[in-house]
Amino acid sequence: MQISESVYLHYMSALLDGEKKICSDIIAGLIGDDVEPRDIYEKIIQRSMYRIGELWDKCRLSIAEEHVASEITRELLPVVKAQKAKHLLPGKRIVITCVQKERHEIGARIIADYFELNGWDSVFVGTNLPNRNLIEFVNKRNPDLIGVSNNFYLNVTGLLELIDMIKNIRSEQKIIIGGQGPGNCQLEMISKYPDVKYIKNLSELDNYIVEFQTGL
């Protein structure tokens, strides 16, 4: 089932008004209609939060309204994840984090949930974790993959520093990058690192997961 524009607009209106019950009912209805989690994430949750960010950036939304919309979204993420969880895949583990000083973590939470839906042992360590603590945690958990979210363009320097730190200690560590922060110049710099890939949407992530699991 496709998600219609009217459903998105209804959800967006309720989110702007802080109507959590309406937002929850819309998500529950989509789940009841067997809409795939990827479509709910991309066409409802991600799209609406991008719009919230645009409105806030243009001063058409207050900080309080942006916070309420974000909190509603955080509460709905586990509802989406619960619908089609798969059995864990032996040996497949990912640690997901955000670049230091990054406060937008919803995208990273979606990716963490999406890997879990695909059977991975997925650990989201939260936002603004000092790099040294992340490295300690990664060395302890020894993940197959590390995911890093970077949504604010001024944090790209921190992203490159984090990649350097990881690669200096774990030279063969595979890393995926997500978020709206990196521009064309930064993406060119990222491409020079072995086993580091920028993933721009869930469709690309689906392909990456298949390639990773099949060893392509």
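Values in this document were obtained by computation on a predicted structure and should not be read as measured data. Counting begins at 1 with the first residue of the sequence.
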Can you tell me how far the [atom1] atom of [X] sits from the [atom2] atom of [Y], to the nearest 0.5 Å?
X: Ile52; Y: Asp57; atom1: CD1; atom2: CG; answer: 13.0 Å
X: Thr97; Y: Phe137; atom1: OG1; atom2: CZ; answer: 10.0 Å
X: Tyr11; Y: Ile72; atom1: OH; atom2: CD1; answer: 7.5 Å
X: Asp195; Y: Glu172; atom1: CG; atom2: CD; answer: 7.5 Å
X: Ile177; Y: Leu162; atom1: CD1; atom2: CG; answer: 7.5 Å
X: Asn151; Y: Leu159; atom1: CG; atom2: CG; answer: 11.0 Å

Just so I know, are the side chains of [X] and [Y] near enough to count as touching, which here means a heavy-atom distance under 4.5 Å?
X: Arg38; Y: Ser203; value: yes
X: Asn201; Y: Glu204; value: yes
X: Asp206; Y: Val210; value: no
X: Val125; Y: Asn133; value: no

Quiz item: Is the number of heavy atoms from other residues, nucleotides or ligands under 6.0 Å of Glu5 CD greater than 12?
Solution: yes
Exercise. Inspect the surroundings of NZ in Lys197 and state if more than 12 heavy atoms from other residues, nucleotides or ligands are less than 6.0 Å away.
Key: no
Of all the heavy-atom pairs spanning [X] and [Y], show the shortest one and how long it is.
X: Ile3; Y: Lys43; value: CD1-CB, 4.1 Å
X: Gln213; Y: Asn118; value: OE1-O, 4.0 Å
X: Leu15; Y: Cys23; value: N-SG, 3.6 Å
X: Phe124; Y: Ala108; value: CE1-CB, 3.6 Å
X: Lys101; Y: Asn128; value: N-OD1, 2.7 Å
X: Leu160; Y: Tyr193; value: O-OH, 3.7 Å

Quiz item: Do Phe115 and Lys92 pass the side chain to side chain contact (heavy atoms under 4.5 Å, CB included) test, and can you show the C-alpha distance, the side-chain angles, and the key distance before you say yes or no?
Solution: CA-CA 10 Å; Phe115 270 94; Lys92 292 295 182 287; over 6 Å; no
Quiz prompt | Worked check of side chain to side chain contact (heavy atoms under 4.5 Å, CB included) between Leu55 and Leu16 | solution = CA-CA 10 Å; Leu55 292 172; Leu16 287 171; 3.8 Å; yes
Quiz item: Does Val80 share a hydrophobic cluster with Tyr50, counting links as ILVMFWY side-chain heavy atoms below 4.5 Å and allowing steps through other members?
Solution: no
Test item: [X] side-chain N/O and [Y] main-chain N/O as donor-acceptor pair under 3.5 Å:
X: Arg141; Y: Val95; result: no
X: Glu65; Y: Leu61; result: no
X: Ser48; Y: Ile44; result: yes
X: Tyr208; Y: Leu202; result: no
X: Asp33; Y: Val35; result: no
X: Lys81; Y: Ala112; result: no

Quiz item: So Ser24 and Val79, side chain to side chain contact (heavy atoms under 4.5 Å, CB included) or not? Walk me through it.
Solution: CA-CA 9 Å; Ser24 179; Val79 177; 5.7 Å; no
Self-check item: N-O pairing of Asp113 and Arg109 below 4.0 Å
Solution: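 Salt bridge between Asp113 and Arg109, a charged N being under 4.0 Å from a carboxylate O: no.
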Quiz item: Do the charged groups of Arg74 and Glu105 touch, with an N to O distance under 4.0 Å?
Solution: yes
Quiz item: Can Thr157 and Glu161 be said to form a side chain to side chain donor-acceptor pair (under 3.5 Å), step by step?
Solution: CA-CA 6 Å; Thr157 299; Glu161 290 175 354; over 6 Å; no
Practice problem: Check the pair Ile199 / Ile111 against side chain to side chain contact (heavy atoms under 4.5 Å, CB included), numbers first and verdict last. | Solution: CA-CA 11 Å; Ile199 306 289; Ile111 298 305; over 6 Å; no
